[in-house]
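Please read the structure below before turning to the comments.
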Amino acid sequence: MNINAKFFGITQIVISAIMMNAQTTTTKLPGDPTLVSTQATFEKLISYDKGNFKYKVEDYFARPKASQFKISPDGQYLSYKEKDKDSKNHVYVKNLKTGKITKALEEKNDLIKSYGWLDKTRLFYTQDRGGNENIHLYAADIDGKNLKDLTPFEGITLNSVRIIKDTPFVIVTMNKNNKQIFEPYKINFNTGEMTQLYENKDVNSPIDNYIFDKQGNLRGYSILENGLTSKLYYKDLQTEKFNLLKTTDWKDSFQIIGFNENSNNKDEAYVVTDLDGDKSRIVLYDLNKDKVIKEIYSHPDFDVNSIGLAGKNRKYELDFISYNGIKNETIPVSKFYKEVHDKLTAEFGDKQFSVVSSDDKDDKLLVVVDSDKLYGKYYEYDTKSKTTKLLFDLMPQLKEEDMAEMRPIEFKSRDGVTIHGYITLPKEALQGKKVPLIVNPHGGPQGIRDDWGFNPETQLFASRGYATLQVNFRISGGYGKEFQKSGYKQIGRKAMDDVEDGVKYAISQGWIDKDKVAIYGGSHGGYATLMGLIKTPDLYSCGVDYVGVSNIFTFFDSFPEYWKPYKEMVKQIWYDLDNPEEAKIAKEVSPVFQIDKIKKPLFVVQGANDPRVNINESDQIVKALRAKGFEVPYMVKYDEGHGFGKEQNRIEFYKTMLGFFAENFNK
């Protein structure tokens, strides 16, 4: 359900980031404001979306009245976000014994992005400013008092947050001392007292991952040497010295995802690795002896990289393994979780479900249930009585029987590679009518993939009679490292071929009107939109570029500081601009240098404070096209970053995009 999750990211910001505002506090707006289209332009486009539609844009993109339910560690409170009349999402806490409800966290100008429980009396939340991803961590009591900015530094961002259970401490990594690298700090979330735990001094070979156990002890770290080689160091528990354990190429995986605290052997850990094969698998590993103890789970077709561990009350036993296959799959392991899984499977059938919160004793579980046609419902599951109770329907206005089917697809590319993806088909297509198609390449592009489930974008498009195609083209994640690597240095080339082959496949199935095909995407998907209009101008009727790259050269030059240690990786993923041959290719697949080939209508959308894809990327493509006499509607929101987080902005964007599609499909 998180559209922004598909967008471009080299470093993985652990805390989910949406966006906010800077317009009221800045005197000079980012980019060139004279390029932005008038409101009248957008209103005219919106007017083209005419019809007797059962659902409005707001039905899909207005935020739920309540969301993000969480149980307190002691099971005495229920927290949740609730939206007010001004679309602010405040966090409330309900006493489950007395029924008393208290506003704990107030959302003002800045969006509250992530939040959760620190202990039974204190909450945390994260915010940035204007979508700049300079994320801060805050803590407050459940009545809103004793509010503290735990990371009160300008221009920093958090890379990770770890709560140390049963203590008043969190461990964060942030780029406080050097904007390019992250270091760990232990913070008392009651007092704000902070201690730096380790120094990360070498910018050329920085530590890019710190490994802590549940007690908050630093057990290992990995160094990214010269941007390409990963060196994993592990602490000898006898000598307390950190010794080199593994040296791997950055394209390979050996990642400690959790220690086996259920074992007497303190060196046992769960590891995701693909060192001895193509697909990532989960193994139990002895880090002191540097050997596999046993394989936990693997799959012949998909990467497996996630586990669920119990809490202290059940001695941290392994509950389940999960992976993203054709659909999201969960393999129950522990006796406790097998019982839960069997009960919920019997109750919810072929729908997806996941446990998103529980008290420390696992007496009550909060479960979210969804599917391709169900946005999501929260249930409370009582593990003692083994009963479920509906807690909240996130989008009751969207009726399952009216939603479109998201169908997994598989086809062969022009060079014989098996490509997977999904197509969301409106009912008209299933009834034999050829319908317009919106091609939606995902962001990333590396390591990201589209998956099965409710997607408000594709459902909105289906409500207008449009199908949506999502292709997991080569370089996508989840299908093994060779598939991902096969797309390196093919961005704008073979990766685009796969998208085009997907369009041809959809047309061949009889679903699609070949004269009404649009392309739309965010971040790399915005770049793919531009390249689609350039590479195959006769295939598409129009395109929407949302926070997309237009010039690989300026894109590289505008990296935020904390991306710069990864620049050598990016050269291997995209193109090495220091290599004359690759620089030539990069110019050929940089849309701004190929604007003469763009013949079909284009709509460009940008968040002004985007630190990943700078506003200059959108400004320059708009300016270059207009210089050629090609009119381009251009929407910029000065209170947004890499994707729109504010409800009113999202709604205006989707209304305008629907009108843009309607205008061009009906020409």
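Rounded to the nearest 0.5 Å, atoms OG (Ser230) and CH2 (Trp250) are 12.0 Å apart. We find the CD1-OG distance between Ile135 and Ser114 to be 7.5 Å, quoted to the nearest 0.5 Å.
In this structure a side-chain-to-backbone donor-acceptor pair under 3.5 Å is missing from His642 to Gly131. With hydrogens and angles disregarded, no donor-acceptor distance shorter than 3.5 Å links the side chain of Glu405 to the backbone of Leu425. The backbone N or O of Lys88 sits nowhere less than 3.5 Å from a side-chain atom of Glu107 that would complete a donor-acceptor pair. Side-chain atoms of Asp501 never come within 3.5 Å of backbone atoms of Ser413 as a donor-acceptor pair (strictly under, hydrogens ignored).
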Begin with the C-alpha distance, continue with both residues' side-chain angles, and end with the deciding distance and a verdict on side-chain hydrogen bond (donor to acceptor under 3.5 Å, both in side chains) for Glu652 and Gln39. CA-CA 11 Å; Glu652 182 185 0; Gln39 193 61 33; 3.0 Å; yes

Inset, instruction - Walk me through it: do Ser541 and Lys600 pass the test side-chain hydrogen bond (donor to acceptor under 3.5 Å, both in side chains)? - result: CA-CA 6 Å; Ser541 303; Lys600 300 296 176 62; 6.0 Å; no

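Under the 4.0 Å criterion applied to side-chain N and carboxylate O atoms, Lys485 and Glu482 are assigned as salt-bridge partners. With respect to Arg650 and Glu647, no salt bridge is recorded, no charged nitrogen being found less than 4.0 Å from a carboxylate O. Taking the charged nitrogens against the carboxylate oxygens, Glu582 and Lys489 do have a contact shorter than 4.0 Å, which makes a salt bridge. For the pair Lys535 and Glu500, the salt-bridge criterion is met [side-chain N within less than 4.0 Å of a carboxylate O]. Residues Lys504 and Asp497 are not paired through a salt bridge, judged by the lack of any N-O separation under 4.0 Å between the basic side chain and the carboxylate. For Asp303 and Lys481, the salt-bridge test fails: no basic side-chain N is under 4.0 Å from an acidic carboxylate O. In summary, Glu428 and Lys434 do not engage in a salt bridge, as defined by a charged side-chain N under 4.0 Å from a carboxylate O.
For the pair Leu460 and Val57, the minimum side-chain heavy-atom distance is below 4.5 Å. With contacts defined as side-chain heavy-atom distances shorter than 4.5 Å, the pair Tyr638/Pro33 qualifies. Looking at heavy atoms from C-beta onward, Ile46 lies out of side-chain contact with Tyr48 at the 4.5 angstrom threshold. Side-chain contact between Phe411 and Val471: present, with at least one pair of heavy atoms (C-beta onward) separated by less than 4.5 Å.
Not counting sequence neighbours, Lys514 has no partner by the salt bridge (Lys or Arg N to Asp or Glu O under 4.0 Å) test. Under the ring-ring contact (aromatic ring centres under 6.0 Å, His included) criterion, Phe461 pairs with Phe661, sequence neighbours left out.
Cation-pi geometry between Lys587 and Phe593 is met: the NZ or CZ atom falls under 6.0 Å from the ring centre, inside 45° of the normal. Relative to the six-membered ring of Phe53, Arg464 meets both conditions, a distance below 6.0 Å and an angle of at most 45° to the axis.
Checked against the 6.0 Å centroid criterion, the rings of Phe603 and Tyr634 do not qualify as a close aromatic pair. In this structure, Phe555 has its ring center no closer than 6.0 Å to that of Tyr527. Phe653 and Tyr546 have their aromatic ring centers within a separation under 6.0 angstrom.
Ring pair Phe556/Phe559 is tilted by interplanar angle, where 30° to 60° counts as tilted. Ring-plane geometry between His524 and His442 is classed as tilted, the angle between the planes lying from 30 to 60 degrees on a 0 to 90 degree scale.
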